[in-house]
Amino acid sequence: MDMKSVESKWQQRWEKTKENCFNKKNIDKKFYMLEMFSYPSGAKLHIGHWYNYGPADSYARFKRMQGYEVFQPMGFDAFGLPAENYAIKTKIHPKDSTEKNIETMEHQLRAMGAMFDWSAEIKTCEEDYYKWTQWMFLKLFEKGLAYRKEAPVNWCPSCNTVLANEQVQEGCCERCGTPVIKKDLTQWFFKITDYAEELLSGLDKLDWPEKTKLMQRNWIGKSVGCEIEFTCESGDTFKVFTTRPDTVFGVSYVVLAPEHPLVRKLASDEQRAAVEAYIESTAKTDEIDRLSSAREKTGVFIGHYAVNPVNGEKVPIWAADYVLYSYGTGAVMGVPAHDERDFAFANKYGLPVKKVIENRNGETVLPFCEDGICVNSLQFDGKFGDDARTAITNHLTKLGKGARKVNYRLRDWLVSRQRYWGAPIPIVYCPHCGTVPVPYKDLPVKLPYNVQFEPDGKSPLAKCEEFMHTKCPVCGADAVREADTLDTFVCSSWYFLRYPDAHNAKAPFDPEIVNKMLPVDKYVGGAEHACMHLLYARFFTKALRDMGYLNFDEPFTSLVHQGVILGPDGNRMSKSKGNIVSPDDYVSEYGSDVFRLYLMFGFSYTEGGPWSDDGIKSAAKFLDRTERILLRAKEAQGTAAHGEEERKLNFVRNNAIKLITRDLENFSFNTAVARLMEYVNAMYKYDGCEEKDAAFFKECANDLVLLLAPFAPHFAEEMWEVLGKKYSVFDQPYPVCDESALVQESTEYAVQVNSKIKTKLMIPNGTAEEEMRALALSDDAIRPLVEGKTVKKFIVVPNRLINIIV
RNA sequence: GCGCACGUGGCGCAACUGGCAGACGCGCCGGACUUAGAAUCCGGUGGGAGACCUUGCAGGUUCAAAUCCUGUCGUGCGCACCA
């Protein structure tokens, strides 16, 4: 088959008959199938796109044939750093390069033959989209969920912009790998922490990979503990946060983060110089070093003391950079006997180690960090674990010196970016009115075209006079605009809400439509977004729900991550390794169907693995082989009675239907294709028979085309026509298994003696256990092994095996 | 360092809740058709002469373990002083 012409033939036909457009009339049967949209940083689709979209489309087509009205949109996550960096290198404007990339990619996506509903396409860099991204910002601002503050932020010196916590990986910029430094800047944040608890508890009911849920749980990092107030000799007080209030009698020192204001305030004259020097050296230490747990701990005694509220003991106050100012209270109590870090610190600086917890069963080796029994803890002696924690927390609460406290590691989401290619933040600064949101009617705040975007650490927009100068929307005075743009993750935090109502000019979406179309039923995309996009999108959904726009809690009911296709050498594809496999080369040689089929057959979908040229050949061979047998069936003659051969083929057919249906539901594409191959093999076997039932054979051929349709859509559509059937194969119902065809009159049992397989036995279904016993024991292969021995146990696993223990 | 996955023929990968390990394919071997090759079709293919042995390694639970438990080694991913 000439795949090239066949593919373009059907793509045109699908386009013309609007085969892939969602029909709103059938909204009650909707199935919202979504793949993460494309980022147009390169000009072409890479293998990752194919691997994400191809199999996911097969799933969508399967759902469609099952009778769902499938909505599968596609668009472009078009703002972002790579386009801008590319522009800096080549002097080509990001808008121009992005638009060109989108054009090429869109063309390629169409050639893939996926059933994307292009009528709902969105591009986040277009005014009619980012207008609503700005609207989202204003809504969050209105609700107090967007705020501006000065804070130490992550700064990438190479990208010349700030980064969200989630975009820092191992202390380096997620994009370019440059070590991130801390900078004090006034920036916009989204108050995602307001939703920490719900973002955590909502995970339980989601059909998501456990690993992804776990990553989000860890990222949110809930810990339940106690805040305890210490009073200094000076009369100042500070609180520490601990998850181990049961160890409070073991405190031998307390530590403040070097940034803590009390460090300077309380430093004694003798220690002042040392303290100042320590603060300075900490400030210089870069973030990666400071956060490394492997690094030896350092600290300095500030020359002042505080009082332990439970026993009145005077303990020294230290400053040490292993305590983070940004978490909890920025201060901790040092309990060397029951915390590894404190133990190491105390040993280094000669601080006392006081055991207050003992191992319940056996010797207590310090540091002992597990739950245990309180000792040396006055009235709490003998209490264990949670009981002890509760009792001591209650005691502290009564004293007015503490309270139960829940802390999260999750920080608010920093959304300002000192870059050009993004949605401008719709805020105006007025000398009289202060921070003023741009009125909704004035949206969008347009991103100007003529801007110097060479990075120098300042926002490019700040250098654009006609953009910056405006009038205050409240008082009309001369005012300036916010020069930063929004993190591109803001754009992608709500795009799935836009698709169902993509051309709405009055609102980001019509809640009535969106509440019917969402949540997304199946979301497919890379695992790298676990703690970024997938968390942010959940936050947006919950915030919009609380504003009354949405009536659901979670955007993505069910989520699947595709694996990664590696180079043929088993390494990640990269230019430097020279192991990049370009889809185009193969698609032009074999066609889209073969390419997609190989991606489904050659890998476990969620695992991925190394590319193989031989593998793709096998996919091509399979389609050729399929075509030949379909033509054989079409030409078949004969009126043989329905007999044993027919029964066998019918079994394979229905078995394939049953298992393919199950496998597709599980995204188990490789095994589904294997069942198709078995079916084709069985068709060949039947074709070899002298006598054939032609009508039955043709019926089998029809089913084969239907079964194959989601996997090789163009090929199947063509063969459906060749077999003389009516367009379109995708309007046909997917075959349903006839269970009666799977009923056999007898089943093969493996017969074991003492758990070792000795023989196999055909046993008629419905045979009673007593009879089976007699049958097995009298079998020629078994009799000599059991004769003269006592049968201690006789185990029957229905339809599988018999185990005789002698 | 901590957490989570994974480890199966020469290769890619299968094996639903513990129940015949190696489905399906690649490769390889053989046969048919061809002057010959390619393509195609058919058959074989974990190891061992054998009883038997085989799911990284060592133990354990069980009538029965790739699957469950403990330890260990290796690979990948995530978090990295979060008190």
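Throughout, a chain's letter reflects where its sequence line sits, starting with A, and its residues are numbered from 1.
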Q) Reading RNA chain B 5' to 3', how would its secondary structure be written in dot-bracket notation, given Watson-Crick and G-U pairs with both distances under 3.5 Å, brackets [ ] for crossing pairs and | for partners on other strands? A) (((((((..(((......[....)))((((((.......))))))((....))..(((((..]....))))))))))))....
Any base atoms under 4.0 Å from [X], or only sugar-phosphate, or nothing? Heavy atoms, all strands.
X: A/S326; result: nothing
X: A/G602; result: sugar-phosphate
X: A/K222; result: nothing
X: A/G608; result: sugar-phosphate
X: A/E748; result: base
X: A/R572; result: nothing

Distances for protein N or O near nucleotides 24-33 of chain B N or O, under 3.5 Å:
unit_1: B/G25; atom_1: OP1; unit_2: A/N681; atom_2: ND2; d: 3.0
unit_1: B/G25; atom_1: O2'; unit_2: A/S618; atom_2: OG; d: 3.3
unit_1: B/C26; atom_1: OP1; unit_2: A/K621; atom_2: NZ; d: 3.1

Interatomic distance, [X] [atom1] vs [N] [atom2] [rounded to whole Å]:
X: A/E528; N: B/C79; atom1: CD; atom2: C1'; value: 17 Å
X: A/L410; N: B/C79; atom1: CG; atom2: P; value: 14 Å
X: A/D687; N: B/C42; atom1: CG; atom2: P; value: 9 Å
X: A/L676; N: B/A23; atom1: CG; atom2: P; value: 18 Å
X: A/L324; N: B/A83; atom1: CG; atom2: P; value: 10 Å
X: A/M683; N: B/C41; atom1: CE; atom2: C1'; value: 16 Å

side-chain contact (heavy atoms from CB on, under 4.5 Å) against [X], all qualifying residues, sequence neighbours excluded:
X: A/D613; value: A/Y586, A/W611
X: A/E678; value: A/R675
X: A/K789; value: A/V806
X: A/S377; value: A/F249, A/V356, A/C374, A/F380, A/D381

May I ask you to evaluate whether [X] reaches the phosphate of [N], defined as a side-chain N or O under 4.0 Å from OP1 or OP2?
X: A/T671; N: B/C13; answer: no
X: A/S604; N: B/A14; answer: yes
X: A/N670; N: B/A14; answer: yes
X: A/Y684; N: B/C41; answer: yes
X: A/K685; N: B/G43; answer: yes

**Q.** A/V797 vs A/R409, nearer the 5' end of RNA chain B by closest nucleotide
**A.**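 Its nearest nucleotide lies further toward 5', so the answer is A/V797.
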Q.
With side chain to side chain contact (heavy atoms under 4.5 Å, CB included) as the criterion, how do A/L801 and A/Q752 come out once you've worked through the C-alpha distance, each side chain's angles and the decisive distance to 0.1 Å?
A. CA-CA 7 Å; A/L801 58 71; A/Q752 301 179 327; 3.8 Å; yes
Q) Under a 90° cut-off about 0 for the syn range, is B/G9 syn or anti? A)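 You should classify B/G9 as syn.
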Q: Apply ring pair (Phe, Tyr, Trp, His ring centres under 6.0 Å) to A/W50 and list each qualifying residue two or more places apart in sequence or on a separate chain.
A: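 By the ring pair (Phe, Tyr, Trp, His ring centres under 6.0 Å) rule, A/W50 matches A/F595.
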Q: Would you indicate which nucleotide in B/G19, B/C79, B/A83 comes nearest to any side-chain atom of A/W219?
A: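 Taking heavy atoms from C-beta onward, the closest nucleotide is B/C79.
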Would you list the protein and nucleotides 4-8 of chain B atom pairs, both N or O, that sit under 3.5 Å from each other?
none

If you measure from the [atom1] atom in [N] to the same atom in [M], how many Å do you get, rounded?
N: B/A15; M: B/A49; atom1: C1'; result: 31 Å
N: B/G48; M: B/A64; atom1: P; result: 29 Å
N: B/G37; M: B/C29; atom1: P; result: 14 Å
N: B/G46; M: B/A51; atom1: P; result: 15 Å
N: B/G59; M: B/C42; atom1: C1'; result: 48 Å
N: B/U70; M: B/A65; atom1: C1'; result: 15 Å

Within the distance-only criterion (no hydrogens, no angle test), does the side chain of [X] pair as donor or acceptor with the backbone N or O of [Y] below 3.5 angstrom?
X: A/Y749; Y: A/N799; value: yes
X: A/K213; Y: A/L203; value: yes
X: A/N803; Y: A/S755; value: yes
X: A/R538; Y: A/L199; value: yes
X: A/Y536; Y: A/I192; value: no
X: A/D593; Y: A/F715; value: yes

Q: For A/R389 and A/D386, run salt bridge (Lys or Arg N to Asp or Glu O under 4.0 Å): C-alpha distance rounded to whole Å, both residues' side-chain angles, the deciding distance at 0.1 Å, then the answer.
A: CA-CA 5 Å; A/R389 285 189 280 273; A/D386 277 332; 3.0 Å; yes
Q. Can we say A/K617 and A/D614 salt-bridge, meaning some charged N sits less than 4.0 Å from an Asp/Glu carboxylate O?
A.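 A salt bridge links A/K617 with A/D614.
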Q: To the nearest 0.5 angstrom, please state how far the CG atom of A/L410 sits from the CG atom of A/D412.
A: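 Those atoms lie 7.5 Å apart.
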Every protein N/O within reach of nucleotides 51-54 of chain B N/O, cut-off under 3.5 Å:
unit_1: B/C52; atom_1: OP1; unit_2: A/K758; atom_2: NZ; d: 3.1

Q.
I'd like to compare against my own output: the B/S/- annotation of nucleotides 59-66 of chain B with a strict under-4.0 Å heavy-atom distance to protein.
A. ----BS--
Q. Is A/R625 close enough and on-axis enough to A/Y684, meaning under 6.0 Å and within 45°, for cation-pi?
A. yes
(Q) So if I take residues 657-669 of chain A and measure heavy-atom distances to RNA chain B, which residues fall below 4.0 Å? (A) none
Q) Partners of A/K692 by salt bridge (Lys or Arg N to Asp or Glu O under 4.0 Å), sequence neighbours excluded? A)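 Partners of A/K692 under the salt bridge (Lys or Arg N to Asp or Glu O under 4.0 Å) test: A/D687.
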